[in-house]
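Data first, discussion second: the structure below is written as structure tokens.
Naming convention: chains lettered A, B, ... in sequence-line order (proteins, then strands); numbering from 1 in each chain. The structure displayed is predicted, hence computed values, not measured ones.
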Amino acid sequence: MGMVEKLEDGEYRIEISSGLYEKEAVFAAAHRLNELFYIRIEPAAEGNFAVTLKCRESQQNGPGAEKAAHGLLNGILEEQVRLDISRRTGSLREIIYQHAFLPIEEQKSDNEKTK
Amino acid sequence: MKKQNDGSLTLLPFHFRHLDRERVLLVNLSGEYTLLSEDDFSKLLKARAAEDLGDLYYHLKGRHIVADGDLDLSIDLLATKMRSKRAYMRDFTALHMVVTTARCSCICDYCQASSSDPGAKNMDMTVEVADKVVDVIFGSPSPGIKIEFQGGEPTLNWPVIEFIVKKAINVNRAAKKQLEFVICSNLLKAEEKWARFCRDNKVFFSTSLDGPKRFHDLHRKSRDGGSSYDRFVKNLQFYRKKTGRYACSALLTITKSNIGNLREIIDHYMDMGFRSIFLRALNPYGFAVTNRQNLGYSASEFVAAYRDALEYIIELNLKGTYFSELYAEFLLMRILTPFSTGFVDLQSPAGAGISGAVYDYNGEVYPADEGRMLARMGDRRFLMGNVLHNSHREIFGGPVLHEIVRESCVEMMPLCAGCVYQPYCGADPVRYYVECGDIRGRRPESEFCAKNMGILDYLFEKLIEDDEKVIDVFWSWIQREGLRCTPDERDKGNTAGN
């Protein structure tokens, strides 16, 4: 993952390795910054993602914005961990929800089958 | 349901959030939480066998974060807990808000319902409409029915209140549901026969109090120019005397005028004999939108004021005075107990329509009061039907409610899906629609989300601090009874209590 590059006109550009991070993680982390920035996500060299953040007019382009832009790096990492956990536990989640909302009669017969 | 397991460690579904550089909060599907150090969190993610976790294994297994040989049991337990917590979904629909009139004797600056003058024509529910309303209400399969009379000022159309209460009691002789009635009144007027009727039929009052006279009269203005506060106090005492001390509860609306004085307002609530307060933020509907400049504040201002007020309330309890904040009480019940807590504004799928519905004076039915308010503002997007023309099935099985249910499950909503507070939170599609024109909402910009996150952050700070005395206060709120003794008395070994 590249560092944050500060561009002119209050823009920040970050290039993200697509080999390490998934598109969903990049989207989810960027979405959290909606209130602070206008966000553009596009393909970059070597199949990577380029995220460009432009401060919204109502926001000051100060240290707060720069910190938030840097925060995107940690945000993507956290979202990727979330995705990995979700992938490892997703099938169990489906089973738990299905079991929790099954009508009682079907739940009983389901339990019988497992004995 | 059989899930094969080869004995290796299995990660169960959970949500997490880094609280700071050293601590990670984990919450499982049924809302049980635990706190891990960053090192232990990394250990958990890498672990493939129980031995990899060392002593942590038993703790995480107990919290249903991991399972090993008994995976089926873990799944069964989690599913049962989740089922218990969502029991409110079986009560479809329990809360029925009936607008007996759109007329009101007050003209509050933040009125969500954009009420009309008491002399306005064709703003009252007719007996014909009321009759159909009760029929539709009793079409609900819920074992409990609460009918809440709203307005305007509902007592301005007293005959319809009486009609609905009497008919509902009659119908219920066969239906045998748990039936409750509440009148939401500004208490500007009280009559002996109303009090008698309420006492005889177990009808409770819910009212509004914005604090001492200078705050209450500032935004809760009576249309005749007199002090609404003076009459409120007189009539509150009257109803309490006639119908019982706790037959009347009150709601506070926080505005820019009183947000800095919540401690004083809490004192005032206690002086007035209330045992709780609901620190309720301003809602973006009706006159509150028009007057936003004079009334509004940011979500961060609200959260800061809320935190300070709750600190104060906790202090009061620690000194031996039982007093609770109702929103915190309800969230703590969700966090600390396995029980179902149906709160219409914070459910997944949303409580709108499923847990509560609003019947306007003209028979139109909306999934939430806010939907009716939007209609008053000219947007009828949430109209589910009309009791004069539609059956219960048509109203509650129609496209409006189907869309709300489909689009308001936090488990699938952007950002909510990965939020650590998801098991305690919910969606408010009508509110989202008002905020951004989309019933799915946009969390990063949502005040609704910012306020709930701020309050949950505060409550978790307290729970993680784990001060035994504060936790005792929280449990006293959940159990709705005061501490048996103050912490000082307990430390001295005196448990006789107050």
Side-chain angles (χ1 to χ4, degrees), chain A residues 22-39 53 56 58-59 64-65 68 71-115, chain B residues 1-5 9-18 21 24 26 28-30 41-42 44-48 64-67 71-87 89-90 299 409 411-412 414-415 417-420 436 442-447 449-450:
Chain A
E22 292 170 66
K23 186 175 72 178
E24 287 78 6
V26 178
F27 277 30
H31 182 55
R32 286 181 191 277
L33 302 178
N34 259 359
E35 199 188 359
L36 291 170
F37 301 106
Y38 295 115
I39 301 163
L53 307 170
R56 284 187 180 233
S58 58
Q59 301 292 331
L72 180 66
L73 301 174
N74 286 4
I76 292 171
L77 180 58
E78 187 149 312
E79 291 297 344
Q80 186 61 52
V81 173
R82 221 164 248 135
L83 267 180
D84 292 345
I85 293 170
S86 174
R87 200 156 290 141
R88 284 172 67 184
T89 62
S91 63
L92 284 177
R93 183 194 306 268
E94 299 274 315
I95 293 169
I96 293 164
Y97 269 92
Q98 200 176 21
H99 198 52
F101 293 108
L102 212 58
I104 291 286
E105 299 72 32
E106 289 178 41
Q107 204 169 54
K108 279 178 189 160
S109 67
D110 193 37
N111 282 343
E112 288 300 315
K113 276 183 222 162
T114 61
K115 279 181 185 169
Chain B
M1 187 198 64
K2 190 76 177 171
K3 182 79 186 168
Q4 293 300 325
N5 192 293
L9 193 79
T10 304
L11 208 57
L12 295 169
F14 66 88
H15 303 283
F16 73 93
R17 180 180 186 192
H18 286 91
R21 287 178 189 177
V24 188
L26 278 71
N28 74 14
L29 280 190
S30 67
F41 184 59
S42 298
L44 168 67
L45 297 183
K46 287 179 202 151
R48 291 293 180 268
H64 298 304
I65 302 288
V66 297
L71 186 55
D72 271 349
L73 180 66
S74 297
I75 291 173
D76 206 22
L77 281 170
L78 271 171
T80 305
K81 287 179 181 184
M82 180 179 272
R83 193 184 181 92
S84 304
K85 284 221 162 184
R86 305 291 181 95
M89 285 166 71
R90 293 199 291 265
C409 295
E411 292 78 2
M412 298 183 298
L415 290 194
C419 179
V420 74
C436 69
R442 285 201 282 272
R443 248 61 62 206
E445 299 141 66
S446 166
E447 286 198 1
C449 177

Reported CD1-to-CZ distance for the pair B:Ile75 and A:Arg93, which is rounded to 0.5 angstrom:
13.0 Å

Rounded distance [0.5 Å steps], CG in B:Leu29 versus CG in A:Leu92
9.5 Å

Strictly distance-based, threshold 3.5 Å: is any side-chain N or O of B:Arg83 a donor or acceptor partner for the main-chain N or O of A:Leu102?
yes

Rounded distance [0.5 Å steps], CD1 in A:Ile85 versus CZ in B:Phe14
3.5 Å

Just wondering, more than 12 heavy atoms not from A:Glu94 lying within 6.0 Å of its CD?
no

Heavy-atom nearest pair, A:His99 first then B:Ala79, reads CD2-CB, 3.5 Å

When heavy-atom pairs shorter than 4.5 Å are enumerated against chain A, which of B:Arg17, B:His18, B:Arg442 gives the highest number?
B:His18

If we define contacts as heavy-atom pairs under 4.5 Å, which of B:Met89, B:Lys81, B:Glu411 has the most with chain A?
B:Glu411

Atom CG in A:Asn34, atom CZ in B:Arg443: separation rounded to 0.5 Å?
11.0 Å

Proximal component of B:Leu11, with respect to chain A [non-hydrogen, under 4.5 Å]
both

CZ of B:Arg90: more than 12 outside heavy atoms within 6.0 angstrom?
no

If I take atom CD1 from residue A:Ile96 and atom CG from residue B:Asn28, how far apart are they, to the nearest 0.5 angstrom?
8.5 Å

Heavy atoms of A:Arg82 and B:Phe16 approach each other most closely as NH2-O, 2.7 Å

Which heavy atom of A:Glu35 sits nearest to which heavy atom of B:Pro444, and what is that distance?
OE1-O, 3.0 Å

